[in-house]
K.L.:
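One structure is given below, represented as structure tokens, and several questions about it will come after.
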Number of protein chains: 2
Amino acid sequence: MSSDIENKCLKKGVRLTDQRKVIAKIMSESNDHPDVDELHKRVNNLDSKISIATVYRTVKLFEEAGIVAKHDFKGNKARYEQTTLDHHDHLIDINTGEITEFVNEDIEKLQKKVAEKLGYKLVDHRLELYGSKIKK
Amino acid sequence: MSSDIENKCLKKGVRLTDQRKVIAKIMSESNDHPDVDELHKRVNNLDSKISIATVYRTVKLFEEAGIVAKHDFKGNKARYEQTTLDHHDHLIDINTGEITEFVNEDIEKLQKKVAEKLGYKLVDHRLELYGSKIKK
DNA sequence: ATAATTGCAAATGCTTTGCTTGTGA
DNA sequence: TCACAAGCAAAGCATTTGCAATTAT
């Protein structure tokens with residue numbers, strides 16, 4: 001059974017090795033935002049011989065192919081997630097590290113407007129909210 | 001003549017050494033967002049014996065005292081600026097690296113609202129726009 | 001066949017730290 | 001005086017890379 005990411009690799013002409021298939025499968029199944037260490041652990045459950053160097057190389061390759069997205073949240077190592085159709089930003093729980101995704105079109109529009117007012121074409125952006133859970 | 005940052009140190013009870021005075025002066029005079037290497041170079045023009053370790057330690061100290069702000073823009077080393085009264089965000093020119101500061105109250109409000117809707121109290125945030133200059 | 005990929009260990013780049021000597025309040 | 005700070009070099013940490021062996025197409 002080929003994973004979602006595996007199919008994207010085929011489409012983009014990314015050569016599929018056994019290691020890449022395993023990493024693709026793990027990332028396709030992950031609904032969180034694992035860092036390389038965590039990915040390596042999960043990958044090693046399926047094939048314990050895959051090195052962390054290969055995970056680093058593969059994750060970078062996938063990122064350059066637009067298949068996965070890399071995030072450098074505050075004070076942490078890089079974390080990855082499969083690219084989705086929709087654009088979303090992240091809210092990070094400062095106590096637990098838990099990540100919630102959100103979409104807000106109004107903010108998107110304002111960002112574009114701000115950039116244009118300053119004489120720039122908006123190419124990319126980064127919006128992260130850091131908060132603590134409100135107990136009710 | 002004591003610098004702006006030097007005064008803040010006095011107010012916060014941060015011990016003032018010769019090295020810290022020099023670093024404070026340099027940062028007070030800087031209107032850009034220098035990284036530690038750049039700060040070290042500027043500082044060494046006034047006192048060539050100040051080590052980069054001291055710059056690292058001092059910049060961290062100032063940050064913890066709320067005197068300077070640290071930014072980790074995409075793909076770069078940490079950069080610093082003196083904290084100002086107003087809160088502002090940054091637009092980074094993807095071609096030149098040039099940084100423009102901006103303030104947008106509407107975006108701020110929306111961020112707070114988004115966090116609350118998700119059950120969080122907004123504690124901190126990060127908003128960076130990346131763009132390329134529009135030629136006219 | 002053969003250019004690309006892997007695993008390993010060593011190298012990297014930024015940042016922090018241990019230790020000894022120096023110094024501000 | 002004496003707890004704290006500075007300078008130096010070594011250590012840390014995440015990530016990248018050189019090289020010889022292996023593999024996908």
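Proteins get letters first, then strands, A, B, ... in listed order; numbering begins at 1 in each. All figures in this text were calculated on a predicted structure; none of them were measured in a lab.
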K.L.:
Using whole Å, what does the distance between atom C1' of nucleotide C/dT6 and atom CD1 of A/Ile23 come to?
P.N.:
11 Å
K.L.:
Within the structure provided, determine whether B/Tyr130 and A/Tyr120 are in side-chain contact (heavy-atom separation under 4.5 Å).
P.N.:
no
K.L.:
So if I take every side-chain heavy atom of A/Ile50 and compare against D/dT15, D/dC8, C/dG7, which nucleotide ends up nearest?
P.N.:
C/dG7
K.L.:
Does B/Lys60 have a side-chain nitrogen or oxygen under 4.0 Å from the phosphate oxygens OP1 or OP2 of C/dT16?
P.N.:
yes
K.L.:
What's the closest nucleotide to the B/Ser51 side chain, out of D/dC8, D/dA5, C/dT6?
P.N.:
D/dC8
K.L.:
Does any non-hydrogen side-chain atom of A/Glu81 lie less than 4.5 Å from one of A/His90?
P.N.:
yes
K.L.:
For DNA chain C, whose closest nucleotide is more 5', that of A/Leu61 or that of B/Leu10?
P.N.:
A/Leu61
K.L.:
What I'd like to find out is whether the side chain of B/Arg79 reaches to under 4.5 Å of the side chain of B/Lys70, using heavy atoms alone.
P.N.:
no
K.L.:
Does OP1 or OP2 of D/dT15 have a side-chain N or O of A/Lys77 closer than 4.0 Å?
P.N.:
no
K.L.:
To the nearest Å, how far apart are A/His40 NE2 and C/dC8 P?
P.N.:
9 Å
K.L.:
Atom CG of A/Leu39 and atom P of D/dT15: how far apart are they, to the nearest Å?
P.N.:
11 Å
K.L.:
Measure from the side-chain heavy atoms of B/Ala78 and tell me the nearest of C/dT17, D/dT17, C/dT15.
P.N.:
C/dT15
K.L.:
Tell me whether the side-chain N/O atoms of B/Arg20 come closer than 4.0 Å to OP1 or OP2 in D/dA5.
P.N.:
yes
K.L.:
Verify salt bridge (Lys or Arg N to Asp or Glu O under 4.0 Å) between A/Arg42 and A/Glu29, making sure each step is shown before the conclusion.
P.N.:
CA-CA 11 Å; A/Arg42 295 182 192 177; A/Glu29 290 170 353; over 6 Å; no
K.L.:
Think A/Tyr56 has a side-chain N or O under 4.0 angstrom from the OP1 or OP2 of D/dT16?
P.N.:
no
K.L.:
Rounded to whole Å, how long is the line connecting atom CG of B/Asp37 with atom C1' of C/dT15?
P.N.:
11 Å
K.L.:
Send over the distance from A/Glu64 CD to D/dT16 P, rounded to a whole Å.
P.N.:
9 Å
K.L.:
Assign A/Asp18 to base, sugar-phosphate, or nothing according to its heavy-atom contacts below 4.0 angstrom with the strands shown.
P.N.:
sugar-phosphate
K.L.:
Any side-chain heavy-atom pair from A/Arg20 and A/Leu61 closer than 4.5 angstrom?
P.N.:
yes
K.L.:
Determine: side-chain N/O of A/Thr54 to OP1/OP2 of C/dT5, distance under 4.0 Å, yes or no.
P.N.:
no
K.L.:
5'-most contact on DNA chain C: A/Thr17 or B/Tyr80, nearest heavy atom basis?
P.N.:
A/Thr17
K.L.:
Taking only side-chain N and O atoms of B/Gln19, does any of them lie within less than 4.0 angstrom of OP1 or OP2 on D/dG7?
P.N.:
yes
K.L.:
Using heavy atoms to find the nearest nucleotide of DNA chain D for A/Arg15 and B/Ile52 separately, return the residue whose nucleotide is more 5′.
P.N.:
B/Ile52
